[in-house]
Each structure stands twice: as structure tokens, then as C-alpha cells.
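Quick note: residue numbers are just sequence positions, from 1. The model shown is predicted, which means the values in this text are computed figures rather than measured ones.
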Amino acid sequence: MSKASAENHTYDGKSPYYNSCAASGVTKKNVRIYRDGASANLELKFSTMCKTAWAKITLSRPAKTNGEATALVVRSTDNKQFSCSSPGGNGEINKGQTSCYTPMVYDLDPRKAKAVGFWPYTAGETGWY
């Protein structure tokens, strides 16, 4: 039985700001995560120019601790995933910060991607796009 290997595309693992992909970024899916009277907005962003997806999580208040929240982007075809702390992301949300984003995965049909967000004691995920 052969094992499927991970796909490798030029944009995989690159920052959304690489080649200005974020400039054509639109939110394709989003979900709110609630905790202790505060909320987080988890977005699956998609670049119409680069055909890539990435995750972004934004807290409604500044983080109280280092590493308080992070997000993942996951690709359906090979389960390739990157978090905010992966190279190409801007790091997990630390004390005083409110958001982070992941590197990108190539996301042109038949590939789909989703965003997963983690905040202590709670999590959320978008649907696939």
C-alpha cells in the first residue's frame, strides 16, 4: 500500500504578504469563538490572485498571557497544515496582542482548506473552502 505524499507548491508555507498575496485576500469562511465574555473571530482568508488560503484569528481584547491563542490552516488533499508560529506566520498571540495569521497553502480546486482556532479551553473551526 503506497502512502500519499504531501503536495509541495510554490506558495506553501510562505507569508500571505509574499508576492502581495494578502492584497487580494478575502474572507471566505469565518466563525466566532466565545470565552469568558470575550470573543475571537477566526477567518479563512483566500487570495484570489495567488489561489492560496491562510487562517487569521483576532481577539476582541488584548491577550492576557503569552501564547494565549493561535490558528491553523489545514489543506484537505494532503492534510498539510501550518500554525501562526510556523515560519511565514507572525507568531502565536502573546500578551498585549490581538491577532495572528498563518503561512499559506495552495488552495486551487480540487484542494480545499479550513481554519482552526485555539484559545484556552475552547476552539473553533471554519468549514472547508
- line: All heavy atoms of Ala69 vs all of Trp119, minimum pair found to be CB-CD1, 3.8 Å

- prompt: Would Leu59 end up clustered with Leu42 when hydrophobic side chains under 4.5 Å apart are linked, directly or stepwise?
  reply: yes

- request: Test side chain to side chain contact (heavy atoms under 4.5 Å, CB included) on Lys80 and His9 and set out the steps.
  value: CA-CA 11 Å; Lys80 183 171 271 190; His9 299 280; over 6 Å; no

query: So if you build clusters from Ile, Leu, Val, Met, Phe, Trp, Tyr with side-chain heavy-atom gaps below 4.5 Å, do Tyr17 and Met104 land together?
result: yes

- request: Quick one: list whatever passes side chain to side chain donor-acceptor pair (under 3.5 Å) with Thr27, sequence neighbours left out.
  value: Glu43, Lys45

message: Please give me the minimum heavy-atom distance between Asn41 and Arg32, naming the atom from each residue.
response: CB-NH1, 3.0 Å

field: ILVMFWY cluster, Trp128 and Val116 together (side-chain gap under 4.5 Å)
entry: yes

query: By side chain to side chain donor-acceptor pair (under 3.5 Å), which residues pair with Ser24, not counting sequence neighbours?
result: Ser47

query: Which pairs with one or both residues in residues 24-83 pass disulfide bond (SG atoms under 2.5 Å apart), sequence neighbours excluded?
result: Cys21-Cys50

message: Show every side-chain hydrogen bond (donor to acceptor under 3.5 Å, both in side chains) that has at least one partner inside residues 101-110, sequence neighbours left out.
response: none

field: ring-ring contact (aromatic ring centres under 6.0 Å, His included) contacts in which one or both residues fall within residues 34-81, not counting sequence neighbours
entry: Phe46-Tyr129

query: Run the side chain to side chain contact (heavy atoms under 4.5 Å, CB included) check on Thr70 and Ile57 step by step: do they pass?
result: CA-CA 7 Å; Thr70 193; Ile57 187 169; 6.0 Å; no

- line: Distance col, row Ser85:OG vs Leu72:CG, nearest 0.5 angstrom, shows 8.5 Å

- request: Check whether any side-chain heavy atom of Tyr11 lies under 4.5 Å from a side-chain heavy atom of Asn19, and answer yes or no.
  value: yes

field: Inter- and intrachain pairs under disulfide bond (SG atoms under 2.5 Å apart), touching residues 88-129, at least two apart
entry: Cys84-Cys100

- prompt: By side chain to side chain donor-acceptor pair (under 3.5 Å), which residues pair with Lys114, not counting sequence neighbours?
  reply: Glu125

field: Nearest heavy-atom neighbours spanning Pro103 and Gly88
entry: CG-C, 3.7 Å

- request: Locate the shortest heavy-atom distance separating Ala113 from Val73; write the atom from each residue and the value.
  value: CB-CG2, 4.3 Å

- request: State, to 0.1 Å, how close Ala53 and Leu44 come at their nearest heavy-atom pair, and which atoms those are.
  value: CB-CD1, 4.1 Å

query: Which residue pairs satisfy the side-chain hydrogen bond (donor to acceptor under 3.5 Å, both in side chains) criterion with at least one member in residues 89-99, sequence neighbours excluded?
result: none

Residues Val105, Gln81; criterion side chain to side chain contact (heavy atoms under 4.5 Å, CB included); working and verdict: CA-CA 8 Å; Val105 292; Gln81 49 193 276; over 6 Å; no

All pairs passing ring-ring contact (aromatic ring centres under 6.0 Å, His included) where residues 60-95 contributes a residue, at least two apart: none

task: Could you tell me which residues satisfy salt bridge (Lys or Arg N to Asp or Glu O under 4.0 Å) with Glu68, sequence neighbours excluded, listed by chain and number?
output: Arg35, Arg61

field: For Lys56, salt bridge (Lys or Arg N to Asp or Glu O under 4.0 Å) partners two or more places apart
entry: none

field: By salt bridge (Lys or Arg N to Asp or Glu O under 4.0 Å) - contacts of Lys51 (at least two apart)
entry: none

task: Would you sort out whether Tyr121 and Asp36 count as a side chain to side chain contact (heavy atoms under 4.5 Å, CB included), showing the intermediate values?
output: CA-CA 10 Å; Tyr121 315 113; Asp36 297 337; 6.0 Å; no

